[in-house]
Amino acid sequence: MTEQLSKVYDSKTVERQVNELWLSKSYFHAEPSRPGQKRKAFTIVIPPPNVTAALHLGHALNNTLQDILIRFRRMEQYEALWMPGTDHAGIATQTVVEKRILAEEGKRRTDFPREEFVKRIQAWKDEYETTILGQLKAMGCSCDWPRTRFTMDEVCAKAVRAAFFKLFKDGLIYRGKRLVNWDPATQTVLADDEVEHETIQGFFWYLKYPLVEPVEIDGRQTEHITVATTRPETMLGDTAVAMNPADPRAKYLVGKMLRLPIVGRIIPIIADEHVVLPNPQSEDEKARFSTGFLKVTPAHDPDDWEIGKRHNLAVINIMAPDGSISDKYGWQDAAAPEARNLLGMDRFEARDAIVEWFRQENLLEEVRDYAHEVGHSYRSHVPIEPYLSDQWYVSVKQPIPNLSQKFGQGLVEGTDVPVNSLAGLALKPLLDGRLRFIPERYAKTYQTWLENLRDWPISRQLWWGHRIPVWSKSVRDTDTIRELSNLSERVHSITVDTDEGQVAFACVAPGNEDVEKSLEARGWKRDSDVLDTWFSSALWPFSTLGWPEETPALRTFYPGDVLCTAREIITLWVSRMVMMGQYCAGDIPFRDVYIHAMIQDGEGRKMSKSLGNGIDPLIAIDSHGADAMRFTLATMTTDTQDIRMPVAAMTLPDGRTVNTSPKFDVGRNFCNKLWNASRFAMMNLEGLDPAGFDAAKLDISDRWILSRLAATRDEVTNSLNAFKFSEPLGQLYHFFWNDFCDWYLEWVKSRMRDDQSKAVAQNVLAFVLDSTLRLLHPFIPFITEGIYQKLNEMAPVRELKGIAAADRAEAITVAPWPAGTRPMRDPAVEEQIRLVQEIVRAIRDLRSQYNLAPSEKLTASINAPKAMGDALSANNGLICQLAGLSELQTAENLPKPNNAATALVEGAQVYVHNVIDPEAERARLEKHKQEIEQAKKAVESKLANANFVAKAKPEVVAQAREKLQQLQEQLKAVEGHWAERKS
RNA sequence: GGGCGGUUAGCUCAGUUGGCUAGAGCGCGUGCUCGACACGCACGAGGUCAGAGGUUCAAGUCCUCUACCGCCCA
């Protein structure tokens, strides 16, 4: 005899054993040679977690959902590839390591040579990559582990070089002087999406600027105009003051000159429609705060930059890269002592000093409280400084002529986005319906972003990342151009006018280290910046498969199928993958984008380190088990935006206090139930003989559970196809716990003691258990595999001869998804059992109401109409078994015995005999009567409404009539009994 | 400022195209230690579906407005 399942479900043991099995057998490996006529490929690429830190619960959710999808498809016999890996996360990782080294060693990045510092980050990456991959395995993620990639490994680096070169050659990469989002703390540029907007309680300062010559306005001598600003320190770089031409004062003032305080610079008053007209009564806050005069600082404000371009204003940068006031970066008229005093001050110090100066000079007219949005670095959290800087850009709306044949040309309808521009390549598939968001509403985020897309700044002043493969040299050196001319295929170059004259920039194609060396030997300098992290992330779906090489993996698994991610990176990441997928690999990288919810704590706050409300997946796995965690996460995944997960502290044996959630109990309880039900089933499978099965001998409970199984199988399959997660789990929960455990297993117990019925029951039991495990496997893979392995020992063949063939597998993870079993569906049987269940519940209710011990066998009878009575009589045994009856009689017009308690079930009256508590019975009947009367009144008034009868669908009216009749009968019965009791 | 989501039982959430007396899990109450499971079994209590108005024979569901909570973008 084989050993049974252990009595207690121990998640840790099962998870360890099962993981060993899976990994030793390489079940998750996807082989490019296998897909063909019969077998199709199915691909999901993991959103590569950042190597900055260990995974949190959001990752657990994200990866659980991906695993459910990939396991489902693998069981559906797709060649399913889940590509794993991690992301170097440039700025984020570098910042984390910088902070740690500063805290532990008191050293800054600049204290290290570049190579050495990068090595330190590499070490951090190695540590966290190991942690992360370990976490994913602990969660049960069925990734193709040997394929694991890292965005900076050799394979990905090659793709980055190839993609960059292609863009450069197509003229899509350019160097531009632009106002960028500058983070003075980390001293790097941030993309628009990396800027977080926070509302700040700040001030509007009203500064008076003197006119060079006083001006008479409507008879009044005017010596000053007043500008309002939230950032007074930028006034040092003002090169004009603008006013709206519609302002009545404009005709007197436009063209006049001002003397800029502190600096003494003479600047003009210009007319620009961008300026908001003052209006104290306006709804618009800006109009209420406006003076009508806008100081224009082109070097330090994006709007002013635009105004400056329109009016050809000078651009004066007054700050050093660290955000301090400086005359070394473009400010040349800092001669006045007041101005020189400010040099070297931090921007916020300078703000205070300048406001103070205005106050002392009586030029500070007013200070008003003002709440406004200020951009902050998502990394260092300091306010962003708009800053003038040379950066590399990718042109996103420029038509790419060599793609017009494949992708067409002209504009995407209703936009200024050319079809064959990068933005167009990403936008068009959505509009064509080839790219789909689930839930659909997120398509709008994607679409709007692409329609309003600005060029993508891709250089970052960091050390950790893909170094930009561009070398430069001044053209004044006469050799420069000649040096390039014989390298045409391996190098592409452009010439740019810079402050230092003409400079040649050469991009070297990948795999030409010799060229790089020879250029450097001749004085060419490699760009010291690295690429935006999202550049390599954008290539992830194909760089991981070996692009630009035409590898078998790339041919088989690209384009992929599903991307599963959070909504916050729809713009940053999803759109860029589509863009680059189209541009580099010629097709969209996936068809379906599933956007899942964000996990919040019980109060609806984001989980974060600073709030201390995060949950470590490994802690949840430790406290409840990986399957329990997955079950709970999946069951909470509906298509809402947020998931609330109450957080509770827990003390570990070692005394540490950590967070977990009572929500995981739901999953743990389910797993425990599954374990025990399986254990019970297997205890009864000894001597199972598939050959002895005879479909003709199925009893009604068998036919019922098979029908329910078939229905559940179809529902779950449909739900998963539609990217539902909570729904299929709910269906399985109900089927397994309510149908299978509460009813079928209870009924099967007695049949197991009877040799006549045992053979059939055993076969059905084994079959249903097997199918149930398979349906549950994508959600809770460990426990289902553990039980399946045992089932393979105990009952190697699970088939129902003539109904369902055996399709065994050595592991459930590679077992086929249960086949459609439509012939097993039997609505008539389901209806009969439903009725049986109603009767059983009614009797249990009476038992409970009259405090009859569960062990006490009762006698009952049922007065039911002929058809119903016949059905019930046929199932007498089932009712007696689960209602605890020793005797049950069912017939039409059966009189009510004395001392019986009554329950009404549809058209039938159920009598439980020898219950002697007339008082309680009368109260019950009274209550019942009221309920029925109330329901009856509702239906009656509906039917009394002529409009309802005339306009509602006929079947609805018929239904109402039927209902009324039933209620009338019930009322009659109840009234009869009630009267009886009363007498 | 623009966009999106939410508000249903004490809690966390379901509720398809409008149609039986609005469901589940947890929690709560009562009773169960009968040979799988107390992480369990049975039964039960608990809801003016945020508010107002409208469409309709019929509204949790569709429309309008309001309030509150939250997210994304500028």
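Below, all heavy atoms of this structure are taken into account, side chains as well, without hydrogens, waters or symmetry copies.
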Assign each of A:Asp742 and A:Met636 the nucleotide of RNA chain B bearing its closest heavy atom; nearer the 5' end lies the nucleotide of A:Met636

If every non-hydrogen atom of A:Leu769 is compared with every non-hydrogen atom of A:Ala681, which pair is closest and at what distance? CD2-CB, 4.0 Å

Pairing partner (Watson-Crick or G-U wobble, both distances under 3.5 angstrom) of B:rC39: none

If you find the nucleotide of RNA chain B closest to A:Glu746 and the one closest to A:Glu568, which residue's nucleotide is nearer the 5' end? A:Glu746

Pairing partner of B:rC11, by Watson-Crick or G-U wobble and under 3.5 Å for both distances, is B:rG25

A:Phe779 ring center within less than 6.0 Å of A:Phe631 ring center: no

Rounded to whole Å, CD of A:Gln447 lies from P of B:rC72 at a distance of 21 Å

Which base, if any, makes a Watson-Crick or G-U wobble pair with B:rG5, both distances under 3.5 Å? B:rC69

Base, sugar-phosphate, or nothing: which does A:Glu727 touch, judged by heavy atoms less than 4.0 Å apart? nothing

For B:rA52, give its Watson-Crick or G-U wobble partner with both distances under 3.5 Å, or none. B:rU64

Nearest-angstrom distance from the residue atom CZ of A:Arg454 to C1' of B:rC73: 12 Å

Quick one: does A:Met752's side chain get under 4.5 Å of A:Gln762's, heavy atoms only? yes

Applying a 4.0 Å non-hydrogen cut-off, can you work out what A:Arg668 is touching in the nucleic acid: base, sugar-phosphate, or nothing? base

d(CZ, A:Phe725; C1', B:rG25) in whole Å: 20 Å

Is the number of heavy atoms from other residues, nucleotides or ligands under 6.0 Å of A:Glu273 CD greater than 12? no

Determine the interatomic distance between C1' on B:rG29 and the same-named atom on B:rG46; round to the nearest Å. 11 Å

A:Phe631 atom CZ is separated from B:rC26 atom C1', nearest whole Å, by 13 Å

Checking only heavy atoms, does the side chain of A:Lys673 share a donor-acceptor pair with the base of B:rC37 at less than 3.5 Å? yes

In whole angstrom, what separates A:Asp739's CG from B:rA24's P? 14 Å

On a whole-Å scale, what distance lies between the C1' atoms belonging to B:rG23 and B:rA67? 28 Å

Applied to residues 844-860 of chain A, the salt bridge (Lys or Arg N to Asp or Glu O under 4.0 Å) test, sequence neighbours excluded, yields none

